[in-house]
Amino acid sequence: QVQLVESGGGSVQADGSLTLSCTASGFRFDDSSMGWFRQAPGKPREGVSCISRWGRQTYYADSVKGRFTISRQNTKNSLYLQMNNLTPEDTAVYYCARSTDYICKDWSSTIQYTDWGQGTQVTVSS
């Protein structure tokens, strides 16, 4: 049974930082690229970042490029998202997701992902 459990969300002031974690189980972690998505109230879920199976390729939404860093530690079945210089526009529920492939193909499309975590809330105040 695949499980993805996010943690690390919370409330922070603008320009602050947070690191999200996602712990995976129930599948071979290094067989899959992994993604982070977010969903703000009233908005569709949007792709934030993706990392290939061994971490050699990373991809980011334009809105977070230069501020967010995705990483993974396969020996710990863990995925991370370091978020710096947060703005109120980053407020959303953040989800980690397991991709159907290992190279982040079409990474920003939700249909590329088979399994999702329950999400963790990130709130940025001005």
Side-chain angles (χ1 to χ4, degrees):
Q1 178 185 353
V2 173
Q3 278 196 310
L4 299 170
V5 180
E6 301 97 337
S7 61
S11 296
V12 66
Q13 299 267 13
D15 293 327
S17 298
L18 282 173
T19 300
L20 305 183
S21 300
C22 173
T23 301
S25 60
F27 65 101
R28 181 166 172 166
F29 187 65
D30 60 4
D31 266 354
S32 298
S33 57
M34 297 291 295
W36 285 102
F37 282 72
R38 67 185 181 187
Q39 188 165 20
K43 293 188 176 181
R45 192 168 295 190
E46 65 168 344
V48 173
S49 184
C50 184
I51 187 167
S52 60
R53 64 189 297 192
W54 292 316
R56 292 172 184 167
Q57 289 86 35
T58 57
Y59 303 87
Y60 298 93
D62 287 343
S63 58
V64 307
K65 208 170 287 184
R67 300 188 297 122
F68 290 12
T69 303
I70 191 171
S71 62
R72 65 190 295 164
Q73 193 164 3
N74 289 346
T75 56
K76 293 188 176 182
N77 286 359
S78 293
L79 175 72
Y80 307 98
L81 186 69
Q82 172 69 42
M83 306 186 295
N84 298 327
N85 301 120
L86 286 161
T87 74
E89 289 68 38
D90 296 316
T91 295
V93 178
Y94 283 72
Y95 300 89
C96 70
R98 174 195 179 197
S99 176
T100 58
D101 73 14
Y102 54 87
I103 57 171
C104 291
K105 179 181 178 182
D106 298 328
W107 70 269
S108 62
S109 171
T110 57
I111 65 173
Q112 289 294 111
Y113 297 84
T114 56
D115 302 282
W116 297 81
Q118 83 289 349
T120 186
Q121 176 70 47
V122 171
T123 302
V124 184
S125 57
S126 58

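Fair warning: this is a prediction, and the values are worked out from it, not measured in the lab. Excluded from the calculations below are hydrogen atoms, water molecules and symmetry mates; all remaining heavy atoms, backbone and side chain alike, are included.
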* Pairs involving residues 107-126, ordered by first then second residue, that meet salt bridge (Lys or Arg N to Asp or Glu O under 4.0 Å) (sequence neighbours left out) ->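 Of all non-adjacent pairs touching residues 107-126, those that pass salt bridge (Lys or Arg N to Asp or Glu O under 4.0 Å) are R98-D115.
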For the hydrophobic clusters of this structure (ILVMFWY residues joined by side-chain heavy atoms under 4.5 Å, transitively), does one cluster hold both [X] and [Y]?
X: L20; Y: I51; result: yes
X: M34; Y: V122; result: yes
X: L4; Y: L79; result: yes
X: L86; Y: I70; result: yes
X: L81; Y: V124; result: yes

* Looking at residues at least two apart in the chain, or sitting in another chain, which of them share a ring pair (Phe, Tyr, Trp, His ring centres under 6.0 Å) with F37? ->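 In terms of ring pair (Phe, Tyr, Trp, His ring centres under 6.0 Å), with neighbours along the sequence ignored, F37 is linked to Y113, W116.
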* Pair E6, T120: side-chain N/O donor-acceptor within cut-off below 3.5 Å ->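 No donor-acceptor contact under 3.5 Å links the two side chains.
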* Taking atom types as modelled and ignoring hydrogens, do the side chains of N77 and S25 form a donor-acceptor contact shorter than 3.5 angstrom? ->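 No, no side-chain donor-acceptor contact under 3.5 Å.
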* Asked: Are the side chain of R67 and the backbone of N85 linked by a donor-acceptor contact shorter than 3.5 Å?
  ->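 Here the side-chain-to-backbone pair exists.
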[X]: which residues meet the side chain to side chain donor-acceptor pair (under 3.5 Å) condition with it, sequence neighbours left out?
X: Q3; answer: none
X: K65; answer: D62
X: D30; answer: R28
X: Q73; answer: none

Looking at residues at least two apart in the chain, or sitting in another chain, which of them share a side-chain contact (heavy atoms from CB on, under 4.5 Å) with [X]?
X: S17; answer: Q82, N84
X: S78; answer: T23, K76, Y80
X: Q121; answer: T91, V93, T123

* **S49 vs F68, side chain to side chain contact (heavy atoms under 4.5 Å, CB included): CA-CA, chis, key distance, verdict** => CA-CA 8 Å; S49 184; F68 290 12; over 6 Å; no
* Going by heavy atoms in the side chains, are S125 and Q13 under 4.5 Å from each other? ->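 The answer is yes; the side chains approach within 4.5 Å.
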* To do: Could you name each residue pair satisfying disulfide bond (SG atoms under 2.5 Å apart) that touches residues 65-100, not counting sequence neighbours?
  =>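 Found C22-C96.
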Shortest non-hydrogen contact from [X] to [Y]?
X: A61; Y: G47; value: CB-O, 3.5 Å
X: Q112; Y: D101; value: NE2-OD2, 4.1 Å
X: Q118; Y: Y95; value: O-CE2, 3.6 Å
X: P88; Y: S126; value: CG-CB, 3.9 Å

Please table the atom pairs, donor to acceptor, closer than 3.5 Å between any side-chain atom in residues 102-110 and protein atoms at least two apart or in another chain.
| residue | atom | partner | partner atom | Å |
| --- | --- | --- | --- | --- |
| S109 | OG | I111 | N | 3.4 |

* **By salt bridge (charged side-chain N to carboxylate O under 4.0 Å, His left out) - contacts of E46 (at least two apart)** =>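 Expected list: R38.
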